[in-house]
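All remarks here apply to the structure that follows.
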Amino acid sequence: DQRSPEWFQARAGRLTGSRAADMLSTIKTGEAAARRDYRLQLVCERLTGQPQEDGFVNAAMQRGIDMEPFARSAYESKTGNVAVQTGFLSHTTHQAGCSLDGHVDHFAGIVELKCPKSATHLRWLRDGVLPKEYVPQVTHNAWISGAEYVDFLSYDDRFPPELQVFYTRVLVKDLDLAGYEQSALAFLAEVDNEVNALRGWKAGV
C-alpha cells in the first residue's frame, strides 16, 4: 500500500515519478538545488538502506489522499474503465520505479489522478491539456510501465457537478520518452558513481 513502511522501503534509492521534475531541474550554470538534493538523497538511501523521506503530509496533500477514491470513481464513470491498483513498480534493469494511481487494459493505459487546490483545478479546466508540471511524472511512469497512453484526471467536488472533472488522454508516442530516458540514465549514473566512490573511500586516507 502507498505510504506504508514497505512502500517507502521499496522506493529507497530509486528514481521515482513523483521526483522526476526534481531530476530534470536545471539552472543557467551548475546543478539545480532540487536535482542536487534529490541525487544526494538517493546516495544516502543506497548507502544506508533506509528511506530518507519523512512521510510529511500537509493539509492539501492529506485532502488529495482522502479524495483519491472519489477521483477514481469519477474516472471510472467518465471512461467506463476500471482502474486497477498495484503496488510499487520497479524497472527491470535500472534503479527506478513508480507508483501508479491505476492501470487499465493490462498496462496499455495508466491513470494519473489529482485532487488539487480549486484554483489549480480551474486552471487545468481552462487550459484543457495535460498540465506541464506533470509532464515529467507522466513521462516517467510511462517509461516504467511501458504504457501506450496516459489518462489524466483532476477531481474537485467543491465545484458544480459539470465542472468537477477535468480529463484528458495523452498518447505516449507524443511524449519525449527517449529524451527522458537519456536524462534519467545520466542522473542514475551520477548516483551510481558517487555511491561507488564513497564505498571505496576510507576516512583519513
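Just so it is clear, the values below take in all heavy atoms, side chains as well, and ignore hydrogens, waters and symmetry mates. Note that this is a predicted model, so its numbers are computed, not measured.
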[X]: what forms a side chain to side chain donor-acceptor pair (under 3.5 Å) with it, not counting sequence neighbours?
{"X": "Gln9", "value": "none"}
{"X": "Tyr167", "value": "Asp151"}
{"X": "Asp1", "value": "none"}

Return the set of residues passing side-chain contact (heavy atoms from CB on, under 4.5 Å) with [X] (not counting sequence neighbours), or none when no residue passes.
{"X": "Glu68", "result": "Arg72, Asp101, Leu113"}
{"X": "Pro116", "result": "Lys114, Thr120, His121, Trp124, Ser154"}
{"X": "Leu47", "result": "Val43, Val195, Leu198, Arg199"}
{"X": "Gln62", "result": "Val57, Ile65, Asp66"}

task = Not counting sequence neighbours, list each pair that qualifies as a salt bridge (Lys or Arg N to Asp or Glu O under 4.0 Å) and has a residue in residues 73-84.
result = none
ask   = Applying salt bridge (Lys or Arg N to Asp or Glu O under 4.0 Å), which residue pairs with at least one partner in residues 134-150 are found, sequence neighbours left out?
value = none
key: Apart from Val84 itself, residues in the same hydrophobic cluster as defined by side-chain heavy atoms under 4.5 Å   =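 Members other than Val84 - counting any ILVMFWY side chain reachable under 4.5 Å - there are none.
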request  = Quick one: which residue pairs count as a side chain to side chain donor-acceptor pair (under 3.5 Å) with a foot in residues 84-98, not counting sequence neighbours?
outcome  = Arg14-Gln95
request  = For Arg36, check salt bridge (charged side-chain N to carboxylate O under 4.0 Å, His left out) against everything at least two apart and list the hits.
outcome  =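 Partners of Arg36 by the salt bridge (charged side-chain N to carboxylate O under 4.0 Å, His left out) criterion come out as none, since no residue qualifies.
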